[in-house]
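Because the structure is a prediction, the values reported are computed rather than measured. Start at 1 and go down the list; that is how both ligands and their atoms are numbered.
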Amino acid sequence: MTASPHPLRAYRGSLLHFLGDPGDGDAATDVQFIDDGLLVVERGLVKAADSAHALLPTLPAGTPVVDYRGRLLMPGFIDTHIHYPQTDMIAAYAAQLLDWLDDHAFPAERRFADAAHAAEAASFFLDELMRNGTTTALVFGTVHAASVDAFFAQAETRNLRMIAGKVLMDRNCPEYLRDTPNGGARDSAALIDKWDGRGRLHYAITPRFAVTSSEAQLAAAGRLAATHPGVFIHSHLAENQNEVKWVRELFPRARSYLDVYESFGLLRERAVYAHCLHLDDEDRGRMAHSGAAAAVCATSNLFLGSGLFDFATARQAGMRTGLGTDVGGGTSFSMLRTMAETYKVAQMRGHRLTPWRVFYLATLGGAKALGLDDRIGSFAPGREADFVVLRMDSTPLIARRMKTARTPAEKLFALMMLGDDREIGATYILGERVWNTLPSAAQSI
Ligand code: GUN
Ligand code: ZN
């Protein structure tokens, strides 16, 4: 990060952020929407977010103010489940999950044995996140430790708050992608020592899913989790009916798929499970009680024909929930696209998500799912100034639609249903602009 010439900088535009879960009703709680707002950033952290009218007089003379009036400033998007090594095979035609893994995902991941390929792919991937306004993500590597070294090295250079881990898999996958219980645990422990807590980086113990890990490997992952309680756990759970059936055959004594992970000590806070489609009430209760989180991956679940996440029962159980793109099973890096599909998935289940709740899930809800809400996900004072500027006019249709939307909720709703990467006017990391499509208009007061 380059040192800023002035420690204080302010950004004027509409502001949206959440102080907590806005609830399911149209009358949202814990939401702050300020039509003419000011975001004040000091040395990479949020100093204040309030109306421009209230804050402008408090700024010292000479404070630069970037004029984003007519645009929407909000905390950066948080993608709670994505695979960086699958960038190159996104949108691959296949039957459902298990064939798709064999035909497309595994061959693409093989290339990450090559550190130069991993570095180039990680760089492209992070550019793509910035272009889409995603400032934090929970990321799968491949089985190769070098894939995670490459990813973290790129993320560190860019000062990003990122979470990633080496995939553990020692069975039911091609020989060329297989590790061993001891080797996988040793590599993971070395990567934790090297990267976890360095800069803004966090490590995630990453067993791919119960199908591809032996009991010995899951036990080793559980031991690692027990000795590193602050580290994340990241896996897939109950995505596809054939996968669930296979897990039942592989672990005949387990009460359920979730029970496999729980019995190996892999269910706790900072454990994030992608999909969570085929769960029962007991599973949902256990997830909620443990503090583990579900990463809902709507575009992936539709693309692979996996199923429809049940927001109503997850909510009743009190499960922590975030949104994930699940690229390359997911079909878009854009969290706006992902939010639109999430809304439709809930509709198909007879559950209506308010626009407030969907924006919450993509920001503070994701931060809470990751246990990082004391650092990211809102404009509360002291939070890291990772934020995005939504254009509100990125296509002729959006520009036209914004004119007929009467309330902030109507605008947000239309924006998320119609928006994509073109909506991202600018992305800021710790108060530094890393992506921009807007003319700069900074002035001093
Ligand atoms: N289950 C196990 N591996 C994967 C993967 O790479 N993508 C998805 N969507 N599900 C998985
Ligand atoms: Zn996935």
Q | Region of D326 engaging ligand 1 - heavy atom pairs below 4.0 Å | A | side chain
(Q) Looking at D283 and R255, is there a salt bridge between them, counting it only when a charged N and a carboxylate O are closer than 4.0 Å? (A) yes
Q.
At a threshold of 2.8 Å, where the distance has to be below it, does the Zn ion (ligand 2) have an N, O or S atom of C297 nearby?
A. no
Q: Show which atoms of ligand 1 fall inside a sub-4.0 Å distance from at least one heavy-atom site of Q86.
A: 5 (C), 6 (O)
Q) Which protein heavy atom lies closest to atom 10 (N) of ligand 1, and at what distance to 0.1 Å? A) E239 OE1, 2.7 Å
Q: Just jot down the ligand 1 atoms closer than 4.0 angstrom to any heavy atom of H275, in number order.
A: 9 (N)
Q) Within less than 2.8 Å of the Zn ion (ligand 2), any N, O or S from E239? A) no
Q. So R200 and E156, salt bridge (charged side-chain N to carboxylate O under 4.0 Å, His left out) or not? Walk me through it.
A. CA-CA 7 Å; R200 304 177 77 201; E156 182 179 46; over 6 Å; no
Q. What part of F106, side chain, backbone, both or neither, has a heavy atom within less than 4.0 angstrom of ligand 1?
A. neither
Q. To which of H83, H104, E109 does the heavy atom nearest atom 5 (C) of ligand 1 belong?
A. H83
(Q) Below 4.0 Å from ligand 1: does a non-hydrogen atom of F140 turn up there or not? (A) no
Q) When rounded to the nearest 0.5 angstrom, what distance separates CZ in R161 from CD in E384? A) 4.0 Å
Q: State, yes or no, whether a side-chain contact exists between S332 and D420 at a heavy-atom distance under 4.5 Å.
A: no
**Q.** Under 2.8 Å: N/O/S of H236 next to the Zn ion (ligand 2)
**A.** yes
Q.
Which residue and atom name correspond to the protein heavy atom nearest atom 7 (N) of ligand 1, and how close is it?
A. W100 CZ3, 3.5 Å
Q: Please name the atom of D326, restricted to N, O or S, that is closest to the Zn ion (ligand 2).
A: OD1
Q: Distance to 0.1 Å, residue and atom name: give those for the protein heavy atom nearest to atom 4 (C) of ligand 1.
A: H236 CE1, 3.4 Å
Q | E243 contact mode with ligand 1 (heavy-atom cut-off under 4.0 Å) | A | neither
Q. What distance separates R71 CZ from S14 OG, expressed to the nearest 0.5 Å?
A. 11.0 Å
Q) Side-chain donor-acceptor pair under 3.5 Å between H234 and H236, yes or no? A) no
Q) Should we count CZ of R357 as having more than 12 external heavy atoms under 6.0 Å? A) yes
Q) Which part of L97 is near ligand 1, with near meaning a heavy atom under 4.0 Å away: side chain, backbone, both or neither? A) side chain
Q) Do D179 and R208 pass the salt bridge (charged side-chain N to carboxylate O under 4.0 Å, His left out) test, and can you show the C-alpha distance, the side-chain angles, and the key distance before you say yes or no? A) CA-CA 12 Å; D179 62 5; R208 181 171 210 120; over 6 Å; no
Q: Look at atom 6 (O) of ligand 1 and say which protein heavy atom is nearest, naming residue and atom and giving the distance to 0.1 Å.
A: R208 NH2, 2.7 Å
Q) Could you state the interatomic distance from NE2 (H275) to OG (S235), rounded to the nearest 0.5 Å? A) 9.5 Å
Q | Expected output: side-chain Y203 to main-chain K166 donor-acceptor under 3.5 Å | A | yes
